[in-house]
Amino acid sequence: DGGITQSPKYLFRKEGQNVTLSCEQNLNHDAMYWYRQDPGQGLRLIYYSQIVNDFQKGDIAEGYSVSREKKESFPLTVTSAQKNPTAFYLCASSMGPENQPQHFGDGTRLSIL
Amino acid sequence: GDSVTQMEGPVTLSEEAFLTINCTYTATGYPSLFWYVQYPGEGLQLLLKATKADDKGSNKGFEATYRKETTSFHLEKGSVQVSDSAVYFCALTDTGRRALTFGSGTRLQVQP
């Protein structure tokens with residue numbers, strides 16, 4: 001079955017550490033996205049990529065970095081510069097045109113030790 | 001910028017009751033509109049979508065109509081079930097970035 005795989009499901013970070021969240025899709029989608037979800041809130045856009053080797057900052061990119069070296073992969077690094085990283089992170093992909101829905105992974109919950 | 005406003009939750013209903021979750025939006029142009037559902041500890045699943053004015057999206061008994069004149073996309077279901085208990089998100093596509101702008105979500109609790 002085609003879909004989006006996020007790993008790990010749970011992740012713990014010590015203060016001062018960088019951590020990388022994995023996102024892989026086999027839907028052959030051009031566009032990929034990272035969102036952050038905090039309790040009781042909607043999702044906020046961190047980074048997005050419309051095509052391989054290109055990506056743009058979203059609304060809350062500070063303290064995060066991404067790469068898009070392969071069409072199927074869009075890893076997110078949470079750096080030590082992100083002061084409040086505890087959240088639920090969701091990766092999504094879409095065919096690209098705005099009328100196409102985004103498909104979501106099951107998320108990674110990041111907590112600070 | 002674009003924004004989506006949803007009714008505050010939680011919404012608590014008895015099984016077989018009628019559901020309405022209000023959603024209004026502010027956007028430039030004519031965005032596509034979506035409803036997503038999230039079950040505990042999971043990602044979001046597309047529930048339905050509408051891409052132009054007066055379109056009606058429907059799925060699993062849920063419906064929503066794209067109303068350009070009132071900038072609304074209210075979610076309705078005639079008879080809810082316990083299994084419909086979840087958080088529902090209204091969203092629109094940002095025409096520039098093609099990313100989603102979400103409302104804050106509405107938690108639905110259906111009691112037997």
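Lettering of chains follows the sequences in order, A, B, ..., and the numbering in each one begins at 1.
Neither the backbone nor the side chain of B/Tyr39 comes within contact range of chain A; no heavy atom of the residue lies under 4.5 Å from a heavy atom of that chain. Contact annotation for B/Gln38: only side-chain heavy atoms (C-beta onward) come within less than 4.5 Å of a heavy atom of chain A.
Among A/Pro101, A/Gly107, A/Gly105, the residue with the largest count of heavy-atom pairs under 4.5 Å with chain B is A/Pro101. When each of A/Lys9, A/Arg44, A/Arg109, A/Gln37 is scored by its heavy-atom pairs under 4.5 Å with chain B, the top score falls to A/Gln37. When each of A/Gln56, A/His103, A/Gln6, A/Gln50 is scored by its heavy-atom pairs under 4.5 Å with chain B, the top score falls to A/Gln50.
Members clustered with A/Phe104: A/Tyr33, A/Tyr35, A/Leu43, A/Leu45, A/Tyr48, A/Phe88, A/Leu90, B/Phe34, B/Tyr36, B/Leu44, B/Leu46, B/Val87, B/Phe89, B/Leu100, B/Phe102, by chain and number, using a 4.5 Å side-chain heavy-atom cutoff among hydrophobic residues.
Using a 4.5 Å heavy-atom cut-off against chain A, no residue of residues 15-27 of chain B qualifies as contacting.
For the residue pair A/Gln41/B/Ser104, the side-chain donor-acceptor check at 3.5 Å is not satisfied. No hydrogens or angles considered: nothing links the side chains of B/Ser14 and B/Gln111 as a donor-acceptor pair under 3.5 Å.
Using a 4.5 Å heavy-atom cutoff, the side chains of A/Glu15 and A/Ile112 are in contact. By the 4.5 Å heavy-atom criterion applied to side chains, A/Val19 and A/Leu110 are counted as neighbours. In this structure, the side chains of B/Leu33 and B/Lys49 stay at 4.5 Å or more apart for every pair of heavy atoms.
Residues B/Glu63 and B/Lys56 are paired through a salt bridge, judged by an N-O separation under 4.0 Å between the basic side chain and the carboxylate. A salt bridge links A/Arg36 to A/Asp38: at least one charged side-chain nitrogen sits closer than 4.0 Å to a carboxylate oxygen.
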